[in-house]
Amino acid sequence: MRTAICSGSFDPITLGHLDIIQRAAACFDQIWVCVSPNAEKRSPMFTPEQKLLLVQTAIADLPNVKAELFHGLLADFAAAHEACAIVRGVRNLSDFDIEYQMALINRDLCPGLETMLLPASGAYQHFSSSLAREMIRYRQPLEKYLPGSIVPLVEEIAEREGGHRHGQ
């Protein structure tokens with residue numbers, strides 16, 4: 001079975017993320033979505049458990065895709081799941097440069113682990129979780145940015161928590 005990893009902080013998962021996951025799911029037998037905190041991103045809007053719930057809800061109709069929280073190195077997650085590849089989306093040259101460097105590091109840590117970079121679909125090229133968080137904060141319509149299945153959950157969490165997390 002050919003297994004790949006799609007990883008991210010998913011704060012929250014966007015239509016762009018889901019597009020990459022769906023495209024990867026068409027290429028591999030099994031996809032594990034690794035929901036991990038990003039040490040460089042401060043003040044997340046959602047807790048790790050909320051992010052996992054949002055991802056699980058977004059991927060519910062993809063039979064070969066599962067999600068899990070993980071707080072360690074992505075190469076360790078890939079090894080634990082016997083993955084042969086990491087699939088990452090890239091929107092622009094800046095993303096490519098960062099992902100290329102990470103691919104080299106991951107291959108150094110886990111020889112034989114390949115990284116596949118999928119260009120973002122044109123419709124989602126400008127999407128980011130940061131943009132989605134701004135739309136949530138200012139109570140804008142979310143259907144253009146987030147998977148429809150998670151919009152009610154996001155709105156419920158935002159309403160319950162005042163749209164802000166960790167001092168935002």
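The side-chain heavy atoms of V87 and I5, taken from C-beta on, include no pair separated by under 4.5 Å. With a 4.5 Å cut-off on side-chain heavy atoms, L54 and L153 count as touching. Contact check for D11 versus R133: side-chain heavy atoms found under the 4.5 Å cut-off. Taking the side chain as every heavy atom from C-beta outward, I31 and T3 never approach each other to under 4.5 Å. Residues V90 and E99 are in side-chain contact: their nearest non-hydrogen atoms beyond the backbone lie under 4.5 Å apart. With contacts defined as side-chain heavy-atom distances shorter than 4.5 Å, the pair E159/E155 does not qualify.
R88 and S7 are linked by a side-chain donor-acceptor pair at a separation below 3.5 angstrom, with hydrogens and angles left out of the test. Residues D19 and S121 bring a donor and an acceptor atom of their side chains to less than 3.5 Å of each other.
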Side chains of residues 62-77: which donor-acceptor pairs under 3.5 Å do they make with residues two or more places apart or in other chains?
from : atom 1 : to  : atom 2 : distance (Å)
N64  : ND2    : A25 : O      : 3.0
N64  : ND2    : F28 : O      : 3.1
N64  : ND2    : D29 : O      : 3.4
E68  : OE1    : H81 : NE2    : 3.3

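More than 12 heavy atoms of other residues, nucleotides or ligands shown are found within 6.0 angstrom of CD on E134.
I98 and Y124 sit in two unconnected hydrophobic clusters of ILVMFWY residues. Membership requires side-chain heavy atoms under 4.5 Å apart, directly or through other members.
Remark: side-chain polar atoms of Q50 are paired, donor with acceptor, to backbone N or O of T47 under 3.5 angstrom.
For Q56, the side chain to side chain donor-acceptor pair (under 3.5 Å) criterion is met by no residue, not counting sequence neighbours.
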